[in-house]
Amino acid sequence: MTNVSIRTLILELVTAQGASHIRELHVEVLKARPDTPEHTIRARLSEAAAEGLLNRLGEGFYDMYAEDEGMTSVVSYPNRGSCWGRSSFRGNCSGHLFKNLVLRYKARSVADPMLGSGTTRDVVAGLNKYKKANISFWGSDLSQGFDLTKQDIPGKFDFCWIHAPYWNIIRYSSNSGDLSNCEGYEEFRKLLIVCLKRCYDALLPGGRLAVLIGDVRRRGKYTPIVKDVLTFPYGEIRSIIIKIQHNCVSDRKFYGKLEDPPIKHEYCVVFKKPKYELKVA
Ligand SMILES: C[S@@+](CC[C@H](N)C(=O)[O-])C[C@H]1O[C@@H](n2cnc3c(N)ncnc32)[C@H](O)[C@@H]1O
């Protein structure tokens, strides 16, 4: 054994209910050392927790797929969760808020029509793998040929997540259906509402629509995009969550002291479709 080199050690705890507490702990060690002190492994786990790979649950338990049951209307995730989506994709989001909402609402079927780098798809795959959650998922994006301004979402879902471009702050393509390709705000606003309505229509009765959106300030002019989400006339607003922004490209620029404080938050507005909708004859 002394010549064997171990790169990754996976510890998996499986209980009678399945893999229901810690699922996988990836601990990098350079050599097979049966006498590795416990504190070395704990130190590695603490690093993984600091990097957002795992949640520390206390009593030696770590789990990145646990629900944050203490979540409030203000959330902050300095570590986005590096195994979900791609951090190099401009405008990507952390998977933590999405995961917490899916678990909180006990969603069995989930859709994301603006998938980007696949953050939500990867969270659901992890929940299914490590929590045996058995959640069905549909996701697509304009870059995969699905245009939400023109096409309906195929199917009905408990939970729909939409993370649209924040107008043209990041241009994703020159496609005429791309919300980030709108020159004027009014054009963007109209397309955004069309997209939100398609998401709403794809909800099962009692389902939820979560809209992650941020405001924009360009050349000093502030555009409160959230205002047009809050006035979306379908369903009932159940939550307005303020999410602190981290790791933005603008964080790396130094602007000096600006006239107005820089935007460092975004919103997640959650709508609920009624269980029973009145049909007007
Ligand atoms: C903010 S990004 C989503 C990022 C994603 N949440 C992630 O973590 O990677 C917005 C996405 O909307 C897509 N998009 C823009 N207009 C669209 C449309 N009409 N239909 C579908 N997707 C669209 C863009 O291609 C882009 O990938």
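For reference, positions follow the sequence shown, starting with 1. Please read all numbers here as calculations on a predicted model, not as lab measurements. Computed from heavy atoms alone, side chains included, the values below leave out hydrogens, waters and symmetry copies.
Between the side chain of Asp147 and the backbone N or O of Leu142, no donor-acceptor pair lies under 3.5 Å. A distance-only check finds no donor-acceptor pair linking the side chain of Thr119 to the backbone of Leu115 [under 3.5 Å]. Judged by distance alone, with hydrogens and angles left aside, the side-chain atoms of Ser239 form no donor-acceptor pair with the main-chain N or O of Ile241 at under 3.5 Å. Using modelled atom types, one side-chain atom of Trp167 and one backbone atom of Cys182 make a donor-acceptor pair closer than 3.5 Å. A distance-only check finds a donor-acceptor pair linking the side chain of Arg198 to the backbone of Thr149 [under 3.5 Å]. When atom types are taken as modelled, the side chain of Asp112 and the backbone of Gly139 share no donor-acceptor pair closer than 3.5 angstrom. Distance alone, capped at 3.5 Å, is enough to place a donor-acceptor pair between the Arg217 side chain and the Pro261 backbone. Looking only at distances, no side-chain donor or acceptor of Lys99 sits under 3.5 Å from a matching main-chain atom of Thr120. Counting only distance, with no hydrogens or angles, the side chain of Arg108 and the backbone of Ala133 share a donor-acceptor pair below 3.5 Å. With hydrogens and angles disregarded, no donor-acceptor distance shorter than 3.5 Å links the side chain of Asn100 to the backbone of Glu67.
Taking the centre and axis of the six-membered ring of Tyr105, the NZ or CZ atom of Arg208 falls inside the cone set by 45° and 6.0 Å. Judged by the 6.0 Å distance and 45° axis criteria, Lys243 is not positioned over the aromatic ring of Tyr267.
Residue Glu266 comes nearest to Leu212 through the heavy atom pair CG-CD1, 4.1 Å, listed as atom of the first residue, atom of the second, then distance. Ile153 and Cys160 make their closest contact through CD1-SG, 4.2 Å (heavy atoms, listed as atom of the first residue, atom of the second, distance). Of all heavy-atom pairs between Phe188 and Leu179, the closest is CD1-O, 3.4 Å. Leu101 approaches Ala210 most closely through the heavy-atom pair CD1-CB, 4.2 Å. The minimum heavy-atom distance between Val226 and Asp215, with the atom names listed, is N-OD1, 3.1 Å. The nearest pair of heavy atoms linking His163 to Met114 is O-CB, 3.8 Å.
Side-chain contact check for Asp260 and Tyr222: no donor-acceptor pair (N or O, by modelled atom type) lies under 3.5 Å. No side-chain donor-acceptor contact under 3.5 Å links Ser180 and Asn168.
The side-chain heavy atoms of Ile244 and Val75, taken from C-beta on, include no pair separated by under 4.5 Å.
Less than 6.0 angstrom separates the ring centroid of Phe146 from the ring centroid of Trp138. Taking the centre of each ring, Phe232 and Tyr234 come in below the 6.0 Å mark.
A 6.0 Å sphere centred on OH of Tyr276 holds no more than 12 heavy atoms belonging to other residues, nucleotides or ligands. In this structure, Lys275 places its NZ atom where only 12 or fewer heavy-atom neighbours from other residues, nucleotides or ligands lie under 6.0 Å away.
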Problem set entry | Tyr65 and Trp84: CA distance, side-chain angles, deciding distance, ring pair (Phe, Tyr, Trp, His ring centres under 6.0 Å) verdict | CA-CA 11 Å; Tyr65 289 100; Trp84 301 323; 5.7 Å; yes

Exercise. Can you list the steps and then say if Cys195 with Lys190 is a side-chain contact (heavy atoms from CB on, under 4.5 Å)?
Worked result: CA-CA 9 Å; Cys195 290; Lys190 281 188 184 147; over 6 Å; no

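A salt bridge links Arg238 to Glu236: one of the charged nitrogens lies within less than 4.0 Å of a carboxylate oxygen. Between Glu259 and Lys221 there is no salt bridge, since no side-chain nitrogen of the basic residue lies less than 4.0 Å from a carboxylate oxygen of the acidic one.
Note: Arg86 CZ to Asp122 CG = 10.0 Å, rounded to the nearest 0.5 Å. For the atom pair Arg80 CZ and His246 NE2, the distance stands at 13.0 Å (nearest 0.5 Å). The distance from the OG atom of Ser76 to the NE2 atom of His96 is 10.5 Å, given to the nearest 0.5 Å. With rounding to the nearest 0.5 angstrom, the CD1 atom of Ile242 is 15.5 Å from the NZ atom of Lys264. Distance CZ/Phe159 to CZ/Phe137: 10.5 Å, rounded to 0.5 Å. From Tyr200, atom OH reaches atom CD1 of Ile162 across 15.0 Å, with rounding to the nearest 0.5 Å.
Between Tyr172 and Phe89, the two ring planes are parallel [angle under 30°; tilted spans 30° to 60°].
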